[in-house]
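Quick notes on the structure that follows.
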Amino acid sequence: MPSLLPLLTLDALRVRYGPLEALHGVSLTIEPGEVTAVVGRNGAGKSTLLRSVAGYLRPSSGRIVWQGSDITRASIGRRAAAGVLLIPDEGGVFRSLTVRENLELFAGHRAADLKLAFETFPALKELTSRRAALLSGGEQQMLALSRALLAPWRLLLVDELSQGLASALAGRLYAVLAELAAAHPDRSVVLAEPHPRAALAAVSQVHVLRRGELAASGSPADFDAATL
Amino acid sequence: MFYAGLALNGLAIGCVAALAAVGLLATYRVTGVFNIAFGAIAVFCAYVMWQCVRVWGMPVGVAAVLVLGVVAPGIGLLLERVVYRPLRGSGASGLLVATLGVLVLHLGLIFLLWGGRSYVDAPAILPAGDVRLPGSLRLPYSTIVELCVVALIAGALTFLLTGTRVGLLVRAVVDDRDLAAASVPADRLAAGGWAFGSFLAGLASVLWAPIYHLDPYSLTLTVLETMGVAVLARLTSLPVAVGAALAVGIGQTELTALHPAARWQGLVDAFHTNLFVLVLFAALMVLPRLGIRDSGSVGAGLHRSGARRTSKPDLVQRLPLGTFSLVLGLPLFFDPADLRAALAVPALAVIFVSLVVATGYAGQISLGQAGYAGLGALFMAKLAAGGVPWLAALVLGPLLVAPIGWLTGYPTIRRQGLYLALTTFATAAVVARFVFAQPVFVGGLTVSRPPGFTDDHWFYVLELGGLGLALLLVRALHTGPLGRALVALRDSEPAAVSAGIDVRRLKVFVFACAAGLAGLGGALTASAAEAFNPTDFDPVQGLVWFAAVAVWGVDSAVGAVVGAAALVAVDVGTVVGVSGLLIGVGAVLLGWFPGGISAVVRRGGDWLVASQDSDREAGPARRLSPAGRELAARLRERGAG
């Protein structure tokens, strides 16, 4: 039985970069067990939304509520401890560390579980002693996504997973995500996507951002994938 | 030829350098910041130690525990919390200015608290004796202890960073603090790193105490000079740094045994007393790059993000130019003593403006303006001594500095961030040691003012003329296609290259212009004082100037002029140390107000103008494209609805 409280509530969230405001008061809720897509063009505010939920950015006004408690001013570490995990669109890996060191960091104290990552992404197995800076874009994205396999989370925020990747690899990564979401029905996933067609099949809720405002929300059936 | 006795003396010098280099590298490895202020923190700790023992009468052991256990780590924790945590997103330039600020701040504190006096009775914790070796050689205990400490730190740190989980966490935090924060206690690890880094500075101060007099500048300079060893190790390898430090130390003393023909003796002496400076310079020239990440964006942290090149007509620019020149003309009505002090203002302003050209407009960090300024003064004096009229020499001297700036600009073409900053500093250090400190060049130099301008009033007017000329040149550099190219270079070098800008030529051109301007400033400084004073053009002075310009807003020529006036006014009106303290505080807090004071003023002006505009309902004042008009109409509709 789902709890009465939503997992995450954004209340009139405003975020600004210096003189520019990127989000003009966005309010939405994310329920436990949902897979949500946040779609919109470049510059619509998808990354800003995700980054402020994870604590990388400080909102200028509005509230972020996590299971009933206000986390608007909480640090990245506190949110991560509560279960918020962001996989950013770039820089999701420690570039100066090796693949194995990256995985060990992601796994925290349960360092024995690395084989989970190697089973899902066999390509990483041959690269364990290579520095992450020397990986290709796809390999880096696999390594970044391994974090979702190794670290504990309750809300996974994935920023433009498919950016700059071959469609076969992007499909593989989405399949991994879908498996993850299916394996843990109590957890929630938020995908930020400029081209939602590939992702739309897997999601249960869609939010459309346009110029920093929430333009529409609904189930995927409400939207024609071709027009998004 | 090799002398064992000299080698042992050299070992002592090498140990000091090795300790400094290990301190720099260890701090860099655990914090990600190349802490130029390491020496200044060490000197501050040494003064605290002196105060505890000589004034408050504590036992040496207790004082050492207090300094090593409380004061030094406390400084590190404070710096991390107040200075470096807000700067974690900014690039090499922002961090560099902050470390410069920390350096200036500590020097200012020493001057304020202890009057900058030097003491010979620094409390020593090590026994003073020595070990007798065969062949009537002696090895002091302090050298042995230092060698052991250096080896211990290098070994332990290497093991800690590569062999333990804590080391892995520390490396992760240094790599990407935000990303690490999600899985490790990043803030605590970073604080621990800084506490350890300044603990090392405190340790160095305790170990160095018996070797050096307590003096604000000597140790600070020693650490700055031994940066060459750290650069040789490419800021990564601790063993290379230790080995190089010991080798240079021994080489330095072995050179004293060299007795060539008499006319070369001066050169050899200059070599062996300044071998570390030479190593710094040579290492920076030879090594293609450091083993570190240099920040992508050159001006990050110095410039307000999204800074406009040409401002809207804001309040600063609406101030009539007349008001500005009137204020600068005020000293003409001061009493003679104040006017004499005010003579330093336009000269310093010209030097500051040269920094605005290099760093503010073109994004090239230059810590070496002191060297160019001194050369300008020197050339002017030499030309005048050679029979050129003083007024002509005042113009020709700085013009001769421009080619030198052109030449020294070449190594900077491929360099950015910290590497560029170190290169320019090394240039100034070499010039200071091999030109300004050599009697061959500066002995028997007389400086006087141009005839007709010997009176303070007239000379001040002449200086204002020079400043006006400099500002006109700067205006030409800031507007039109050239100004656009410079800002393109500052914002993104790859984008500038692909836009067809000849980045290589532009960089050396900017360095030549900045060097010429600094030369003019230096020539005016020397003329105002009617003497060539090498301490005016000390490399450390260049660091202070850079920090001051950064505080006032590195891309604002007006800010530079006001900053020069404020610096001179504070120096004259208060005790020594206050200006350093103010500049230091401003520079370390730059992470809180990017762009400096001028950006704050400009923002305030924008806000005032904007609120005035909204009062007046400015409608047709702006020229809009058809799409823009449509958008404005829509916005109005939305506002009404």
Side-chain angles (χ1 to χ4, degrees), chain A residues 16-20 24 51-58 74-98 100-111 131-133 140 143-144 146-148 150-153 155-157 159 211 213, chain B residues 28-29 32 85-86 88-89 161-191 235-236 291-294 296 300 303-308 311-312 314 593-595 599-600 602-604 606-607 610 631 634-635 638:
Chain A
R16 53 192 318 140
Y17 300 99
L20 290 178
H24 318 296
R51 292 170 67 83
S52 47
V53 169
Y56 286 59
L57 298 172
R58 284 283 154 89
S75 66
I76 299 176
R78 262 194 61 203
R79 298 184 206 211
V84 180
L85 179 60
L86 170 70
I87 296 184
D89 52 346
E90 51 187 28
V93 297
F94 297 104
R95 294 171 56 83
S96 66
L97 307 184
T98 65
R100 173 173 287 279
E101 286 171 336
N102 266 289
L103 293 175
E104 279 172 4
L105 277 168
F106 294 157
H109 288 290
R110 306 170 308 145
R131 277 199 294 141
Q140 283 191 19
L143 184 57
S146 301
R147 192 149 144 240
L150 299 175
W153 50 269
L155 173 65
L156 178 64
L157 308 160
D159 197 0
R211 289 181 182 173
E213 286 172 347
Chain B
Y28 179 71
R29 296 280 290 275
R85 198 179 293 183
R88 61 179 183 267
L161 282 178
T162 53
T164 66
R165 181 159 174 87
V166 175
L168 176 63
L169 300 187
V170 168
R171 280 188 290 147
V173 172
V174 170
D175 183 292
D176 187 336
R177 189 159 170 176
D178 275 347
L179 189 62
S183 35
V184 302
D187 285 344
R188 256 187 290 159
L189 283 166
L235 299 193
T236 46
I292 58 168
R293 296 172 304 160
D294 262 336
H303 299 278
R304 187 161 56 111
S305 56
R308 290 184 305 261
S311 183
K312 254 191 311 190
D314 53 33
F593 61 110
V600 171
R602 229 178 265 173
R603 253 196 302 264
D606 282 358
W607 181 76
L631 182 70
R634 232 185 259 174
L635 281 175
R638 192 178 291 180

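Remember, predicted model here, so these are calculated numbers, not experimental data. Below, read A as the first sequence line, B as the second, and so on, with proteins coming before strands; counting in each chain starts at 1.
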*Could you check which of A/G92, A/A133, A/P88 has the highest count of heavy-atom pairs closer than 4.5 Å to chain B?*
A/G92
*Side chain from CB out, backbone as N, CA, C, O: work out which of these in A/R79 comes under 4.5 Å of a heavy atom of chain B, or both, or neither.*
neither
*Closest heavy-atom contact between B/D175 and A/L97?*
OD2-N, 4.3 Å
*In terms of heavy-atom pairs under 4.5 Å, which option from B/A181, B/S183, B/A186 contacts chain A the most?*
B/A181
*Between the main-chain N or O of A/Y56 and the side-chain N or O of B/D178, is there a donor-acceptor pair closer than 3.5 Å?*
no
*Check the surroundings of atom CD in A/E90: do more than 12 heavy atoms from other residues, nucleotides or ligands lie under 6.0 Å from it?*
no
_Donor-acceptor pair, distance only, cut-off 3.5 Å: does the side chain of B/D176 make one with the backbone of A/F94?_
no
*Does CZ in B/R634 sit with more than 12 non-hydrogen atoms of other residues, nucleotides or ligands closer than 6.0 Å?*
no
_Nearest atoms (heavy-atom pairs only) where B/A182 meets A/A80_ = O-CB, 3.0 Å
*Between B/A180 and chain A, which part of the residue has a heavy atom less than 4.5 Å away: side chain, backbone, both or neither?*
both
*Once you round to the nearest 0.5 Å, how far does CG of B/L179 lie from CG of A/N102?*
8.0 Å
*Please flag which part of A/V84 lies under 4.5 Å from any non-hydrogen atom of chain B: side chain, backbone, both or neither.*
neither
_B/R171 CZ to A/T98 OG1 distance, which is reported to the nearest 0.5 Å_ = 7.5 Å
